[in-house]
Amino acid sequence: MTPRRAVLVVVVGAALGCLRPWEPSGPYRCDAEGACPSGFTCDDGLCCRPGGTPACPTLVVEGRCPSGQPPQRFYADRDGDGFGAGEPRLLCSQPRLGGVVPERLDGGRVVLDCDDGDAGLAVNPLAPERCNGVDDNCNGVVDEGLDAGRAWFRDVDGDGFGAEGERFVACGQPPGYAARAGDCDATAADVFPGAPERCNNRDDNCNGQSDDAPFIDAESPGGPRVDCAEGAGICSLGGVECRYDAGAMRSQRVCVPRAQPRSETCNGLDDDCDGETDDAPGCGGPASLTATPGVLTGAVRVAVPGARLPPGCLKGRAGEDAQSWFDPTWLGSKGYVEMAVPVRHTWYAEAAAGTTWDLSNRGSLSLALGDVTTLTGLGLPIFSDAFPGPIVTLCGPAGGVEYLRLTPATNRLVERGGVDGGGLRVSLSLEAAPTGWTREVSPGFSLAAISRVELTVVPNQSPDAGLFEVRTFTITVFPDAGFGP
């Protein structure tokens with residue numbers, strides 16, 4: 001026996017009759033190696049006698065405790081969270097040196113720690129459940145009450161949509177999974193529900209159809225326009241459209257014209273889609289007023305008071321009366337209504353309905369006319385200047401309100417004297433007043449939009465004419481009457 005143990009025996013022997021509680025730091029403590037003198041055992045750090053005196057605080061002797069009470073169940077608590085695990089131990093009291101906790105019951109069920117090695121103390125029967133794939137509260141269920149029934153879908157291409165057949169139920173989004181299903185191509189990141197459709201023979205937006213409008217790369221109703229200009233005409237300026245080629249059995253991007261043919265204008269484009277740029281009559285007007293297809297010709301007469309022609313064009317005015325026109329001959333008679341109101345005789349050539357002529361790059365109008373004029377009545381002589389003119393009027397598209405008028409200063413049709421007829425062949429400038437003619441232009445008039453040209457003759461009344469005075473004329477419009485450079 002070492003001296004230490006001898007001293008301990010003496011101390012223990014002296015205290016046998018005291019029976020007071022002892023402390024682990026007191027004289028009955030076990031040594032550093034957990035050893036006690038002979039006849040003693042070390043229990044919870046104290047030297048005691050099992051079944052004797054001093055009584056052992058935790059040890060059960062023959063199923064009983066020194067206090068006479070039955071023993072309790074205790075469990076090892078390695079992580080210190082207050083809940084034990086493993087096999088139970090029967091002890092008379094909880095060891096003061098720790099590492100052991102008494103048995104806990106919940107409705108008669110023993111509550112044990114399901115992870116007694118959890119250093120974070122986050123796993124025990126009283127811990128809150130977290131979305132981590134772990135049974136945090138030790139009730140046998142993982143991630144309960146945390147939307148654990150939500151389905152996630154395998155997203156291989158990372159486009160935010162997964163495959164319906166590859167689902168995983170979890171409270172949080174697992175790596176490589178998406179919250180939405182419906183991906184129709186798990187290997188293409190640009191193919192998913194709602195993706196922009198392209199003309200590529202593929203169902204990009206997963207709606208069950210390939211190449212359905214609208215497109216991101218082709219023109220279609222409701223979709224963006226992509227220009228595909230080819231050539232110079234408006235009929236070649238179109239948009240790319242995705243169309244199915246039955247022969248090739250696939251969709252293809254084709255250029256579809258965006259505009260319909262219209263009247264030709266002098267703009268460097270093929271407006272009427274005939275394959276030619278700035279061609280007549282739309283650009284420059286008809287070179288022949290009588291021999292150009294689509295040009296409408298005719299004649300009218302209108303009784304208008306006053307010595308001068310009223311503003312605007314005459315065709316279409318109230319009181320208009322059809323006059324004889326036998327292409328290429330224009331016939332007329334009568335000069336006055338009730339010998340007071342002069343009758344205006346007008347021949348016209350106009351562009352096709354809905355079209356105009358652009359004369360902005362054409363500088364002249366050529367007149368090629370021949371006439372026979374007759375004046376009879378009470379022995380009056382025949383005068384070649386009985387029907388002066390013609391007065392030339394170019395009409396704009398707004399019902400003849402906008403106009404350009406050229407009036408001959410000589411006030412007669414025939415340029416040279418004669419008794420029984422004559423003619424007129426002259427080129428008139430449209431940009432400025434030609435020699436021997438006056439020029440009248442209305443506000444808003446433009447040579448770029450001409451709908452009609454009118455030739456008007458206004459008969460003169462003889463100073464001593466009687467009631468039976470008859471005046472007639474025959475004017476021939478030659479094919480070379482028209483617009484020129």
Side-chain angles (χ1 to χ4, degrees), residues 79 83 85 106 109 111-226 228 239-256:
D79 55 15
F83 291 86
D106 181 13
R109 180 180 66 87
V111 179
L112 298 177
D113 195 343
C114 55
D115 186 354
D116 201 32
D118 175 36
L121 308 181
V123 178
N124 60 71
L126 294 182
E129 191 69 19
R130 296 175 296 163
C131 182
N132 55 7
V134 175
D135 180 15
D136 300 286
N137 58 11
C138 299
N139 66 350
V141 183
V142 176
D143 297 341
E144 80 279 3
L146 298 176
D147 195 19
R150 181 173 182 178
W152 303 87
F153 306 92
R154 182 65 173 157
D155 183 11
V156 178
D157 53 20
D159 58 10
F161 290 84
E164 180 68 36
E166 298 182 60
R167 62 171 58 197
F168 181 79
V169 178
C171 62
Q173 183 174 3
Y177 283 78
R180 296 169 294 183
D183 198 346
C184 54
D185 189 342
T187 63
D190 58 346
V191 176
F192 53 86
E197 189 72 19
R198 294 177 172 83
C199 186
N200 55 7
N201 296 279
R202 185 176 66 174
D203 181 13
D204 299 288
N205 57 13
C206 297
N207 67 347
Q209 302 180 57
S210 297
D211 300 335
D212 55 315
F215 302 94
I216 191 64
D217 61 346
E219 181 181 76
S220 63
R225 286 195 330 196
V226 182
C228 55
V240 175
E241 195 165 285
C242 189
R243 293 190 174 183
Y244 183 75
D245 187 334
M249 293 188 297
R250 59 180 288 109
S251 297
Q252 295 182 353
R253 298 176 67 197
V254 297
C255 187
V256 178

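- In this structure, Arg243 contributes its side chain and Gln252 its backbone to no donor-acceptor pair below 3.5 Å.
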Practice item. Kindly indicate, with the supporting measurements, whether the criterion side-chain contact (heavy atoms from CB on, under 4.5 Å) is fulfilled by Asp212 and Asn205. Key: CA-CA 9 Å; Asp212 55 315; Asn205 57 13; 4.1 Å; yes
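- Looking at Val191 and Cys184, their side chains come closer than 4.5 Å, going by heavy atoms from C-beta outward.
- The CG atom of Asn201 lies 11.0 Å from the CE atom of Met249; values are rounded to the nearest 0.5 Å.
- Asp116 and Phe83 make their closest contact through OD1-O, 3.5 Å (heavy atoms, listed as atom of the first residue, atom of the second, distance).
- Classified by interplanar angle (parallel below 30°, tilted 30° to 60°, perpendicular above 60°), the ring pair Phe168/Tyr177 is tilted.
- Scanning both residues, Cys242 and Ser251, for their nearest heavy atoms gives SG-CB, 3.7 Å.
- By the 4.5 Å heavy-atom criterion applied to side chains, Val111 and Leu126 are not counted as neighbours.
- Taking each heavy atom of Asp135 and Val123 in turn, the nearest pair found is O-CG1, 3.7 Å.
- Here Asp115 contributes atom CG and Leu112 contributes atom CG; the two are 13.0 Å apart, rounded to the nearest 0.5 Å.
- Taking every heavy atom of both residues into account, Glu197 and Asp211 meet most closely at OE2-N, 2.8 Å.
- Judged by distance alone, with hydrogens and angles left aside, the side-chain atoms of Asn124 form a donor-acceptor pair with the main-chain N or O of Ala127 at under 3.5 Å.
- Although no hydrogens or angles enter the test, the distance criterion places no donor-acceptor pair under 3.5 Å between the side chain of Asn137 and the main chain of Glu129.
- Residue Asp183 holds its CG atom at 5.5 Å from SG of Cys206, rounded to the nearest 0.5 Å.
- Between Ser210 and Asp203, the shortest heavy-atom contact is OG-N, 3.6 Å.
- Between Asp155 and Gln173 there is no side-chain heavy-atom pair separated by less than 4.5 Å.
- At least one donor-acceptor pair under 3.5 Å links the side chain of Asp136 to the backbone N or O of Arg130.
- Formation of a donor-acceptor pair under 3.5 Å by the Glu164 side chain with backbone atoms of Ala181 is not found in this model.
- Nearest heavy-atom pair across Arg250 and Tyr244 is N-CE1, 3.4 Å.
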